[in-house]
> 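For reference, the structure I am asking about is given below.
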Amino acid sequence: MANVFDNLEIWWLSGTQLLYGEQVLGQVDAHSNEMIAGLNASGNIPVKIVYKGTVKSAQEAENLMKAANSDDKCAGVITWMHTFSPAKMWIKGLQALQKPLCHFHTQFNAEIPWNEIDMDFMNLNQSAHGDIEFGHACTRMRVARKVVVGFWKDVNAQKQIGVWARVAAAVADAKKTRCLMFGMNMNNVSVTDGDRVEFEQRLGYHVDYYPVSSLMNYFKKVTDADVDALVETYKKEYTIKIDESGEKVYWEKVRNAAKAEIAIRRVLKDENATVFTTNFDDLGDADINDPNFCGFDQIPGLASQRLMAEGIGFGAEGDWKTACLCRSLWIMNQGLPKGCSFLEDYTLNFAEKQTSILQSHMLEVCPMIASDKPKLEVHMLGIGIRNQFTARLVFTSKTGAGIKATVVDLGNRFRLITQEVECIEPKPMPKLPVASALWVPQPTFEIGAGAWILAGGTHHSAFSYDLTAEYWEDFAEMTGIEFINIDKNTTISGFKQQLRNNEVYYMLNKALK
Ligand code: MN
């Protein structure tokens with residue numbers, strides 16, 4: 001898949017006013033161009049920044065913001081007040097803006113030239129003054145934005161803009177994202193349900209039901225030649241490991257898994273969807289022994305694993321919220337070294353000093369997070385309507401710090417919950433035929449897991465080694481949903497107070513706007 005950042009731009013607007021005269025305005029332009037070239041060359045911001053000129057009037061601000069809204073390539077807007085730009089000039093533009101905003105508080109010049117500084121120099125280098133005026137208007141108007149503070153050549157400042165740009169790209173993508181639910185969500189499950197109309201309004205993802213019977217029409221049409229070619233790919237990418245099933249059943253199941261993968265790929269392409277969910281109770285015809293049986297003979301877990309690695313969002317048991325979040329996670333994570341996956345809290349390991357949680361799923365863990373070459377295995381899976389030998393990729397995952405994320409529907413709003421975790425080395429689990437990771441929540445298992453439960457978190461999550469809470473905070477800011485993070489400083493009493501405060505804040509928030 002092409003790099004998703006390549007088709008996007010970040011617009012840069014420099015703020016000033018006409019007071020300073022032509023010469024100064026020329027310098028604002030030159031400075032802006034040099035800074036943008038430097039930021040683009042830094043390698044820390046994956047989306048190209050494009051200079052859209054110096055804003056000197058309310059009309060210019062409004063025109064540019066409206067143009068940003070209607071340009072599909074524009075993922076967000078960076079503003080920087082080179083000089084003093086009286087902020088009432090920005091009101092109508094900020095009211096119009098529907099794209100993510102990053103206010104960069106920086107200055108072209110680094111150190112004060114102590115022996116040379118005069119009134120002209122001071123007047124030209126007054127971002128300290130101009131950015132505060134702009135910031136006041138944003139706060140007064142309750143404009144959601146990220147404020148990045150630092151010298152423009154400073155790597156920390158560049159990286160903060162890089163995070164924001166990655167998130168802006170994911171938010172732009174979410175607005176175009178369609179999720180297909182193959183079947184509904186699992187009966188009786190509360191946390192995977194919610195308001196799909198509100199979900200689309202807030203976050204952009206469009207979630208549709210897609211009949212499994214229609215998916216079966218695709219499945220039936222997959223040819224042996226198509227399957228042969230995909231199985232050859234499997235042989236190249238994975239270690240073939242044949243055991244309990246025997247060779248004949250192994251290849252039969254792998255071939256059927258390939259057939260399912262091809263069918264799902266074709267439906268997603270034809271339906272212009274980049275996210276899907278499955279339900280292990282809804283896999284086509286119920287009776288596999290019926291001579292006219294038409295259905296998947298096994299949960300299409302191998303397909304889910306492989307598609308996730310290509311950026312297709314996935315959620316099991318019809319979990320459309322986590323599935324969509326996994327798509328955005330993959331966009332934000334693109335090109336970063338360690339990877340991301342859909343995961344589920346499975347089994348606790350109580351240990352005196354370091355209680356941990358085994359993360360896994362029936363099958364569907366993304367091979368991006370594997371610490372070694374995945375093994376393609378076939379084992380019995382005794383859950384759902386198919387008690388069958390089932391193909392899957394088996395591996396253990398990398399160790400190190402990471403963050404898990406979820407979105408829950410609280411009835412009056414969506415809450416994005418994140419938790420920082422430390423992935424540790426598990427002991428060998430020779431009888432567990434499924435991919436897994438083992439982690440310790442921050443700050444401890446007891447506080448971390450307790451806070452997650454108090455926040456109403458899910459058992460499914462969108463996990464990454466590479467992202468940090470900063471990404472998800474930006475994501476929540478851009479989409480206007482609640483954000484709460486559990487990290488090394490979390491205490492249960494403090495966290496409960498934060499939940500209570502947020503309850504009030506989100507009740508009043510709409511009234512303030
Ligand atoms: Mn599950």
Side-chain angles (χ1 to χ4, degrees), residues 179-194 196 199 207 209 212 257 260 264 275-283 296 298-309 312-327 329-330 340-349 356-369 379-388 390-397 402 404-409 417-419 421 429 432-439 441 449 452-453 455-464:
C179 169
L180 295 186
M181 297 178 72
F182 297 126
M184 265 306 286
N185 36 334
M186 187 179 166
N187 285 345
N188 285 318
V189 178
S190 165
V191 79
T192 57
D193 222 330
R196 285 183 275 159
F199 196 63
V207 182
Y209 164 72
V212 176
I264 292 171
V275 178
F276 73 104
T277 68
T278 56
N279 183 329
F280 60 74
D281 274 330
D282 194 351
L283 301 169
F296 288 150
Q298 57 194 308
I299 300 173
L302 178 61
S304 305
Q305 290 184 289
R306 286 173 46 76
L307 286 162
M308 262 192 271
I312 299 296
F314 170 76
E317 291 95 62
D319 186 350
W320 46 273
K321 292 195 295 300
T322 309
C324 290
L325 209 60
C326 281
R327 165 71 182 178
L329 171 79
W330 184 87
C340 55
S341 180
F342 171 84
L343 280 173
E344 175 172 291
D345 291 278
Y346 238 108
T347 300
L348 302 178
N349 180 49
S356 52
I357 313 171
L358 187 65
Q359 302 294 314
S360 191
H361 205 261
M362 269 173 245
L363 305 162
E364 301 95 341
V365 182
C366 177
M368 281 173 87
I369 67 168
H379 299 279
M380 278 303 283
L381 185 68
I383 192 164
I385 60 167
R386 301 275 188 267
N387 189 2
Q388 288 288 321
T390 302
R392 79 284 302 276
L393 298 175
V394 181
F395 53 86
T396 52
S397 302
K404 71 162 169 167
T406 192
V407 169
V408 294
D409 185 343
I417 312 162
T418 58
Q419 171 151 55
V421 300
M429 296 176 280
L432 186 72
V434 70
S436 65
L438 184 70
W439 72 43
W452 185 267
I453 287 170
T458 47
H459 51 275
H460 290 158
S461 67
F463 167 76
S464 165

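Every number for a ligand or one of its atoms is a count from 1 in the order of the listing.
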> Under the salt bridge (Lys or Arg N to Asp or Glu O under 4.0 Å) test, which residues partner Arg392, sequence neighbours left out?
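For Arg392, no residue satisfies salt bridge (Lys or Arg N to Asp or Glu O under 4.0 Å) once neighbours in sequence are set aside.
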
> Which residue in the set Thr322, Thr192, Asp319 passes side chain to side chain donor-acceptor pair (under 3.5 Å) when paired with His460?
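Going through the options one by one, the only one that passes is Asp319.
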
> Determine whether a donor-acceptor pair (N or O, by modelled atom type, separation under 3.5 Å) exists between the side chain of Gln359 and the backbone of Leu343.
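No; judged by distance alone, with no hydrogens or angles, the pair does not exist.
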
> So which heavy atom on Gly194 is nearest to which on Lys321, and how close?
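Distance-wise, the nearest heavy atoms are N-NZ, 4.4 Å.
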
> Side chain of Ser464, backbone of Cys340: donor and acceptor closer than 3.5 Å?
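Pair absent, no side-chain N/O of Ser464 close to backbone of Cys340.
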
> In terms of relative ring orientation, are Phe463 and Trp439 parallel, tilted or perpendicular, with 30° and 60° separating the classes?
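Judged by the thresholds at 30° and 60°, the geometry between Phe463 and Trp439 is tilted.
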
> Anything protein N/O/S under 2.8 Å from the Mn ion (ligand 1)? Just list residue and atom, please.
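The answer, once waters are left aside, is Glu317 OE1, Glu344 OE1, His361 NE2, His460 NE2.
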
